[in-house]
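Accompanying notes for the structure given below.
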Amino acid sequence: MTGPGGRPRGARRWAWAELLRVSALFTVPGDALAGASAAGLRPNRRTALAIGSSLCLYEAGMALNDWADRDEDAVDRPHRPIPSGRVTPRAALAASAALTATGLALAARAGRGPLTVATALAATVWAYDLRLKHTRAAPAAMATARALDLLLGATATAADPRTPARPPAAGAPPRPPARRPTAARGTPPGPATTTATTRHRPRRRTPAPPPAARRGAAHRAPATAALPSAALLGAHTYAVTAVSRHEAHGGSTAAPLGALAATALLGALASRAPATAGTGHRRTATLTAAAYLRTAAVPLLHAALNPSPPLTRRAVGGGIRAMIPLQAALAARSGATVTGPALMGLAPLARALARKVSPT
């Protein structure tokens, strides 16, 4: 069967799979799930809406990236879908706009807070592809986009009032019992003393905040709790983007070395679970952080030793896939029982599909 233009439908689907870099899609759901875990909440229906929004905005950025780089790709990578004529520039731009609108619509269904974060995320993606990609601000823009994607999951999950907080981790140290008020020195304890003390100490009543203030505090709390995880994910994205700026021509040793040092530091930080985490969560965080180091560090070391374009592209691909174990480590160190191991199940799928469709 043939589609418009006389090309086989399978060839057209393959061209769009290349344009959208579908092998990198497996690195997206973990952002929202890690954000929900960092906020201390269980995933819910609005978390799923955040994941759908993230997927749409991610693919919108992929299509817009190739549309913006179509002249450059015609020289450096003529096999890409747009320079080779398999996808028209107009179709790529229309797909990017449609995916952006769909992503914002899904975020709007999750609530006003998630829509605000998703709007900032979409603006960052479009600014990167159209203006910032070839400037020094490119790595910072991409890092901001990934951090916002994690915060989108946190705000969307918290927007559901029925979402229960995650119970304390098994094996975590118990909380100390609350102290009972004691009588002053020299006063024998007893009901009379308690009554007298209470009678002469008027209670101070703190006025309740207005409803709008209470709602604002509820929206700020999950985002604030998720900021450390967002910062770690953004730092990794910054390092990978700095390397990707040399994937077409290679020749840079400093970028892979810098990314390698950042990877080692991030792996150490991601494996450090708080004192309230259980033993199992600490072990899972350590194992997933080790998987992150192995996935990202080995190709970066090869690119540092031989900064050729193929090895540099391989290092970028490894850095993209390494986001999955990093997300799993962030979820595990936050005390999520199921999220971390479940995310690790996406890693072999991403690796298998990357052999067919390049994530870069």
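What you are looking at is a predicted structure, and each value in this text was computed from that prediction instead of being measured.
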Among all residues two or more places apart in sequence or in another chain, which pass the side-chain hydrogen bond (donor to acceptor under 3.5 Å, both in side chains) test with [X]?
X: Thr124; result: none
X: Thr88; result: none
X: Asp73; result: none

May I ask you to decide if [Y]'s main-chain N or O and [X]'s side chain share a donor-acceptor pair within less than 3.5 Å?
X: Arg46; Y: Ala110; value: yes
X: Thr339; Y: Ala336; value: no
X: Ser23; Y: Ala354; value: no

When hydrophobic residues are tied together by side-chain contacts of less than 4.5 Å, even through go-betweens, does [X] share a cluster with [Y]?
X: Leu305; Y: Leu293; answer: no
X: Ile324; Y: Ile51; answer: yes
X: Leu233; Y: Met344; answer: no
X: Leu265; Y: Val240; answer: no
X: Ile320; Y: Leu343; answer: no

Any side-chain heavy atom of [X] sitting closer than 4.5 Å to one from [Y]?
X: Leu300; Y: Val243; answer: yes
X: Asn65; Y: Arg21; answer: yes
X: Asp69; Y: Glu72; answer: yes
X: Met142; Y: Tyr128; answer: yes
X: Glu59; Y: Val22; answer: yes

Query raised in the report: Under the side chain to side chain donor-acceptor pair (under 3.5 Å) rule, what pairs show up with a residue in residues 240-269, not counting sequence neighbours?
Result: none
Requested in this report: Give every residue pair that meets the side chain to side chain donor-acceptor pair (under 3.5 Å) criterion with at least one member in residues 284-303, sequence neighbours excluded.
Outcome: His236-Tyr292
Where do [X] and [Y] come nearest, in terms of heavy atoms and distance?
X: Gly267; Y: Ala289; value: O-CB, 3.6 Å
X: Ala156; Y: Asn44; value: O-OD1, 4.5 Å
X: Pro359; Y: Gly317; value: CG-CA, 4.1 Å
X: Trp126; Y: Ser96; value: CZ2-OG, 3.6 Å
X: Ala226; Y: Ala154; value: CB-CB, 3.9 Å
X: Ala50; Y: Gly153; value: CB-CA, 4.1 Å

Query raised in the report: Is Arg109 atom CZ crowded by more than 12 heavy atoms from other residues, nucleotides or ligands, each under 6.0 Å away?
Result: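 No.
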Query raised in the report: Given Leu121, which of Thr144, Thr100, Thr116, Leu148 fulfils the side chain to side chain contact (heavy atoms under 4.5 Å, CB included) condition?
Result: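 Exactly one candidate clears the test, Leu148.
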Would you compute the distance between atom [atom1] of [X] and atom [atom2] of [Y] and round it to the nearest 0.5 angstrom?
X: Arg333; Y: Ser229; atom1: CZ; atom2: OG; answer: 4.5 Å
X: Leu64; Y: Leu99; atom1: CG; atom2: CG; answer: 10.5 Å
X: Leu346; Y: Leu25; atom1: CG; atom2: CG; answer: 11.0 Å
X: Arg45; Y: Thr157; atom1: CZ; atom2: OG1; answer: 11.5 Å
X: Thr47; Y: Leu41; atom1: OG1; atom2: CG; answer: 8.0 Å
X: Leu353; Y: Arg321; atom1: CG; atom2: CZ; answer: 11.0 Å

Query raised in the report: Linking Ile, Leu, Val, Met, Phe, Trp and Tyr through side-chain heavy atoms less than 4.5 Å apart, which residues share a cluster with Leu106?
Result: Leu49
Requested in this report: Quick one: list whatever passes salt bridge (Lys or Arg N to Asp or Glu O under 4.0 Å) with Asp129, sequence neighbours left out.
Outcome: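 Salt bridge (Lys or Arg N to Asp or Glu O under 4.0 Å) list for Asp129, sorted by chain: empty.
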Report task. Mind checking salt bridge (Lys or Arg N to Asp or Glu O under 4.0 Å) for Arg80 and listing every partner two or more places apart, or none if nothing turns up? Result -> Asp66
**Report entry** Contact list for residues 45-99, test ring pair (Phe, Tyr, Trp, His ring centres under 6.0 Å), sequence neighbours left out
**Finding:** none
Query - Summary of salt bridge (Lys or Arg N to Asp or Glu O under 4.0 Å) pairs that have at least one residue in residues 349-360, sequence neighbours excluded - result: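 Sorted result for residues 349-360: empty, none.
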Query raised in the report: Can you pull the salt bridge (Lys or Arg N to Asp or Glu O under 4.0 Å) pairs that have at least one residue in residues 134-146, sequence neighbours excluded?
Result: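 Every salt bridge (Lys or Arg N to Asp or Glu O under 4.0 Å) pair that includes a residue of residues 134-146, provided the two are not neighbours, is Asp31-Arg146.
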Requested in this report: Apply side-chain contact (heavy atoms from CB on, under 4.5 Å) to Leu311 and list each qualifying residue two or more places apart in sequence or on a separate chain.
Outcome: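 Partners of Leu311 under the side-chain contact (heavy atoms from CB on, under 4.5 Å) test: Asn306, Ser308, Arg314.
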Query raised in the report: Arg131 and Thr135: side-chain contact (heavy atoms from CB on, under 4.5 Å), yes or no, with the steps?
Result: CA-CA 8 Å; Arg131 182 70 63 178; Thr135 68; 5.9 Å; no
Query - SB check Arg86 Glu18 (cutoff 4.0 Å) - result: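 Salt bridge between Arg86 and Glu18, a charged N being under 4.0 Å from a carboxylate O: yes.
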